[in-house]
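The structure appears right after this line, and notes come after that.
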Amino acid sequence: NRAEITGGTHTGGIAGSGIGTLTSCVNEGVVTSAKGGYQGGVIGFIQGKGTASLCVNRGGVSGNSAGGIAGRVELTSVERSFSTGPVSGTSETGGIVGYMAGGTLEDVYATGSVSGRTAGGIAGFMDGSTLRRAYSTGEVKGSRQSGGVAGLTTHESVLEQTAALNLGLSQNGNRLVGTIDDSRDYSQNNYGLDTLVSSQSGASHTGQDVTREALHTREFWETTLGLSADLWDIPAADTQPDNFFLPTLKNLEEQAAYMPLHLTLYAREENTSLELTADKTELWSPKGQAETVVFTADITGTTQTAVDW
């Protein structure tokens, strides 16, 4: 679908609602609704013990409870899918799914911005649900709760093998999960960008630290995070930092997961000094700001020059 879709209670670029299996769907149009319910780039509301797989959304999604792929998932498994469009809503919003009730998310990623009341880079609200092998890079803003991966988790929801690599979070946001409404944490092996500010401490809300340097290695993605080379295209171990891509999903076309500027090895916070040598180009940018300022220095010749910025 490439058309703009404006709908009612349940709205999606491909379908408003459905039960069962959905596969190989692509939406590039804008999806909007002002009538409550659930809105998704691909489907508004999907339920039943089926599977939604190989789904792609590149369009913006806005409404009530909104997600890049689905507004609400109930008992369904969503896998091997991605969304790059911005998502906004008045209730639960997520880069992939807005509201999850007993479903499963596996091998997904989202790069668009997310905003809502309860906002997550991948899932807004997880109720007895599971999320594995995922990453998000977009800015996440939630008026009540926000997390780089999930906004709110409850009823023994599980997060495993996820990475919060977001451009920024709300002031009240946490690097991994905004709010955990459970007697204990059921998550493990999750990571967050080490310079991403979190309002609460502890691995349950922040995940383990990961540096930009680690993100530019195959080892982090394949060994530490556990992405399967059968499902993901992971850059080779000897890939140069300037050409390093984020992992993309196999059997899905037109993916260009360039390393965002805030994740490059040249991103710096505060004033910094870096020595530049001949025939070398370096980039600096203030991380986590809505507007990025980039300073580029091209040094030629044989001398070394120290640049303060």
Side-chain angles (χ1 to χ4, degrees), residues 67-69 82-84 86-87 92-98 100 105-116 118-126 129-142 144-153 157-180 185-217 220-221 224-227 232 246-247 257 259-264 267 269 287-290:
I69 298 296
F82 74 90
S83 176
T84 61
V87 179
E92 302 89 2
T93 56
I96 298 294
V97 175
M100 291 184 67
L105 277 174
E106 293 183 325
D107 298 295
V108 298
Y109 72 86
T111 61
S113 62
V114 180
S115 62
T118 298
I122 297 293
F125 178 39
M126 294 178 61
S129 305
T130 299
L131 170 56
R132 296 189 182 97
R133 298 181 299 278
Y135 72 82
S136 62
T137 63
E139 185 176 35
V140 180
K141 292 185 176 182
R144 180 174 296 177
Q145 297 114 344
S146 64
V149 173
L152 171 63
T153 63
S157 290
V158 175
L159 272 73
E160 294 178 339
Q161 299 164 273
T162 70
L165 311 175
N166 312 85
L167 173 64
L169 299 171
S170 300
Q171 188 173 3
N172 64 341
N174 289 319
R175 202 165 64 178
L176 184 67
V177 181
T179 298
I180 301 173
D185 181 25
Y186 294 87
S187 302
Q188 59 182 346
N189 197 32
N190 299 292
Y191 297 84
L193 185 64
D194 62 345
T195 55
L196 188 61
V197 177
S198 186
S199 66
Q200 290 179 273
S201 60
S204 298
H205 289 98
T206 69
Q208 303 174 61
D209 286 348
V210 60
T211 65
R212 292 183 183 88
E213 286 76 12
L215 296 179
H216 287 76
T217 66
F220 170 76
W221 297 102
T224 305
L225 202 62
L227 301 187
W232 294 82
L246 290 168
M259 189 66 75
L261 191 58
H262 72 282
L263 298 180
T264 66
E269 286 188 282
K287 184 196 69 62
Q289 296 189 18

Identify which one of [options] satisfies the side chain to side chain contact (heavy atoms under 4.5 Å, CB included) criterion when paired with [X].
X	options	value
His205	Ile180, Thr179, Asp185, Leu176	Ile180
Ile96	Val114, Leu131, Leu105, Val87	Leu105
Glu160	Arg133, Gln188, Glu106	Gln188

Which atom names give the shortest non-hydrogen contact between [X] and [Y], and what distance separates them?
X	Y	value
Ala164	Val149	CB-CG2, 3.9 Å
Ala119	Lys141	CB-O, 3.5 Å
Ser136	Gly148	OG-O, 2.5 Å
Arg175	Thr206	NE-O, 2.9 Å
Glu213	Thr217	O-CG2, 3.6 Å
Ser146	Val140	CB-CG1, 4.0 Å

Kindly compute the distance separating [atom1] ([X]) from [atom2] ([Y]), expressed to the nearest 0.5 Å.
X	Y	atom1	atom2	result
Asn172	Arg144	CG	CZ	11.0 Å
Leu152	Gln145	CG	CD	5.0 Å
Gln208	Thr224	CD	OG1	9.0 Å
Thr93	Phe125	OG1	CZ	13.0 Å

task: Give the ring-plane orientation class for Tyr191 versus Phe220, where under 30° counts as parallel, over 60° as perpendicular and anything between as tilted.
output: perpendicular
- request: Quick one: sort the Tyr109 and Trp232 rings into parallel, tilted or perpendicular, breaks at 30° and 60°.
  value: tilted
So, the side chain of [X] versus the backbone of [Y]: is there a donor-acceptor pair under 3.5 Å, distance only?
X	Y	result
Gln161	Leu225	yes
Thr211	Ala214	yes
Ser113	Pro86	no

message: Just to verify, what does Trp221 make a side-chain hydrogen bond (donor to acceptor under 3.5 Å, both in side chains) with, not counting sequence neighbours?
response: none
Distance-only side-chain donor-acceptor flag, [X] / [Y], under 3.5 Å:
X	Y	result
Asn190	Thr162	yes
Gln200	Asn174	yes
Thr137	Asn166	no
Thr118	Glu92	no

Would you say [X] and [Y] make side-chain contact, with heavy atoms under 4.5 Å?
X	Y	result
Leu169	Val197	no
Leu193	Arg212	yes
Val210	Leu165	yes

field: Met100 vs Thr130, side chain to side chain contact (heavy atoms under 4.5 Å, CB included): CA-CA, chis, key distance, verdict
entry: CA-CA 9 Å; Met100 291 184 67; Thr130 299; over 6 Å; no
